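Structure record follows, encoded as structure tokens.
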Amino acid sequence: MNNYQYPVELEDNKEGGFILKFRDFPDLNSEIWSLDELQNTGLSALITILDLYFEHNKVFPKPSAPKENEKVITLPISIIAKMLLLNTMVSSKIRPVDLARKMGVKPQEVNRIIDLTHNTRIDTIQKALNSLGKSLTLSLS
């Protein structure tokens, strides 16, 4: 399931660090001072832009295939599951209050489910997707 690896180009910032440039999101840049920071900083940047996409009711795109000179930022399964839920909500024009009604829960619970920074059990996300007529499938490779 984890084919959500977003390509990032590292450009020398001329001060000993790197500027992260995301080909799939030309307006998204971030900066790191060590390659050890790449995954955490890149993930934080992607979560920020994910939030912006959903605030503007836009479906978040799948990643492009990485080029030879690019690194990748891998989204955790929990973020992918929420992203798939949010993409389904956006494409189906389902508001959080509508999802709450379909799930039989309070709107506050749905707000926590769709909050990318809130830890949500995977079966709760699966229940939300099921209420929208979708199923969540994991596989091992």
Side-chain angles (χ1 to χ4, degrees), residues 1-103 105-141:
M1 177 175 182
N2 200 348
N3 56 352
Y4 284 87
Q5 297 180 321
Y6 287 86
V8 62
E9 180 183 343
L10 301 179
E11 183 178 290
D12 187 345
N13 71 358
K14 311 276 193 257
E15 297 176 5
F18 303 94
I19 297 171
L20 307 182
K21 294 191 169 198
F22 294 83
R23 187 166 27 94
D24 293 318
F25 309 100
D27 295 333
L28 177 62
N29 293 316
S30 193
E31 191 170 32
I32 58 173
W33 296 98
S34 157
L35 289 178
D36 294 338
E37 301 173 42
L38 177 62
Q39 188 63 37
N40 285 339
T41 301
L43 179 58
S44 179
L46 284 174
I47 288 172
T48 299
I49 199 149
L50 253 165
D51 276 334
L52 289 173
Y53 263 68
F54 296 119
E55 282 178 24
H56 293 98
N57 289 315
K58 293 171 62 178
V59 171
F60 200 72
K62 286 188 174 187
S64 300
K67 294 180 181 176
E68 190 174 316
N69 64 331
E70 293 176 319
K71 303 288 188 191
V72 293
I73 304 300
T74 303
L75 292 182
I77 295 293
S78 58
I79 298 293
I80 295 170
K82 286 188 179 201
M83 182 189 69
L84 294 172
L85 172 60
L86 288 161
N87 275 350
T88 300
M89 291 173 67
V90 168
S91 61
S92 302
K93 296 181 176 36
I94 301 288
R95 301 171 302 162
V97 69
D98 301 326
L99 179 58
R101 196 173 309 115
K102 287 178 179 285
M103 291 179 69
V105 299
K106 295 179 180 175
Q108 299 88 330
E109 186 174 336
V110 168
N111 288 338
R112 285 190 299 273
I113 293 170
I114 62 175
D115 179 346
L116 295 168
T117 61
H118 184 270
N119 288 330
T120 304
R121 292 173 34 147
I122 196 76
D123 53 335
T124 302
I125 300 168
Q126 181 181 27
K127 179 181 174 186
L129 283 162
N130 289 347
S131 72
L132 298 176
K134 301 289 183 182
S135 61
L136 182 64
T137 305
L138 298 175
S139 65
L140 183 65
S141 58

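Computed from a predicted structure; not experimentally measured. Numbers here are sequence positions counted from 1.
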Discussion item. Testing the basics here: between Gly42 and Ile73, what is the closest heavy-atom pair and its distance to 0.1 Å?
Written reply: C-CG2, 3.6 Å

Worksheet, complete the sentence: Sorted by chain and number, sequence neighbours left out, side chain to side chain donor-acceptor pair (under 3.5 Å) with Asn40 holds for none

Item to complete: Please name the pair of heavy atoms, one in Ile47 and one in Ile79, separated by the smallest distance, quoted to 0.1 Å.
Response: CD1-CD1, 4.1 Å

Discussion item. Using modelled atom types and a 3.5 Å cut-off, is there a donor and acceptor pairing between side-chain atoms of Ser92 and backbone atoms of Met89?
Written reply: no

Response to the item:
Heavy atoms of Leu136 and Ala81 approach each other most closely as CD2-CB, 4.2 Å

Practice prompt. Answer yes or no: is there a side-chain heavy-atom contact under 4.5 Å between Pro7 and Pro63?
Written response: yes

Fill in: Side chain Glu109, main chain Ala100, donor-acceptor under 3.5 Å
no

Worksheet item: Does any pair with a residue in residues 122-138 pass salt bridge (Lys or Arg N to Asp or Glu O under 4.0 Å), and if so which ones, sequence neighbours excluded?
Response: Arg121-Asp123

Discussion item. Other residues, nucleotides and ligands only: do more than 12 of their heavy atoms fall within 6.0 Å of CG on Asn119?
Written reply: no

Worksheet item: How many angstroms lie between CG in Leu86 and NZ in Lys58, if you round to the nearest 0.5 Å?
Response: 15.0 Å

Worksheet item: Are the side chain of Lys82 and the backbone N or O of Ile113 linked by a donor-acceptor pair below 3.5 Å?
Response: yes

Worksheet entry | Residues forming a ring pair (Phe, Tyr, Trp, His ring centres under 6.0 Å) with Tyr53, sequence neighbours excluded | Phe25, Phe60

Worksheet item: From Met103 CE over to Thr124 OG1, what is the distance, rounded to the nearest 0.5 angstrom?
Response: 7.0 Å

Response to the item:
Residue pairs meeting ring pair (Phe, Tyr, Trp, His ring centres under 6.0 Å), one or both in residues 105-141, sequence neighbours left out, come to none

Worksheet item: Is the side chain of Thr41 donor-acceptor paired with the backbone N or O of Glu37 at a distance under 3.5 Å, no angle test?
Response: yes

Worksheet, complete the sentence: To the nearest 0.5 Å, atom CZ of Arg95 lies from atom CG of Asn57 at 11.0 Å

Practice prompt. Evaluate the side-chain contact (heavy atoms from CB on, under 4.5 Å) criterion for residues Ile114 and Leu85: first the C-alpha distance (whole Å), next the side-chain angles of each, then the deciding distance (0.1 Å), finally the verdict.
Written response: CA-CA 8 Å; Ile114 62 175; Leu85 172 60; 4.1 Å; yes

Worksheet item: Which atoms form the tightest heavy-atom contact between Leu132 and Lys102, and what is the distance?
Response: CD2-CD, 3.7 Å

Discussion item. Is any side-chain heavy atom of Leu20 closer than 4.5 Å to one of Leu10?
Written reply: yes

Item to complete: Scan for side chain to side chain donor-acceptor pair (under 3.5 Å) pairs involving residues 9-36, sequence neighbours excluded, and state none if there are none.
Response: Glu11-Lys21, Asn13-Glu31, Arg23-Glu70, Asp24-Ser64

Fill in: Atom pair CG/CG of Asp51 and Leu46 - distance to nearest 0.5 Å
11.5 Å

Worksheet item: For the residue pair Asn111 and Pro96, what are the closest heavy atoms and their distance?
Response: OD1-CB, 3.9 Å

Practice prompt. Grab the two heavy atoms, one from Met83 and one from Tyr6, that are nearest each other, plus how far apart they are.
Written response: SD-OH, 4.0 Å

Discussion item. Using a strict threshold of under 4.0 Å (side-chain N to carboxylate O), is an ion pair present between Asp115 and Arg112?
Written reply: no

Fill in: Reported CD-to-CG distance for the pair Gln126 and Leu84, which is rounded to 0.5 angstrom
12.5 Å

Discussion item. Going by side-chain contact (heavy atoms from CB on, under 4.5 Å), name the residues that satisfy it together with Ser78, two or more places apart in sequence or in a different chain.
Written reply: Pro76

Practice prompt. List the steps, then state whether side-chain contact (heavy atoms from CB on, under 4.5 Å) holds for Ile77 with Tyr4.
Written response: CA-CA 9 Å; Ile77 295 293; Tyr4 284 87; over 6 Å; no

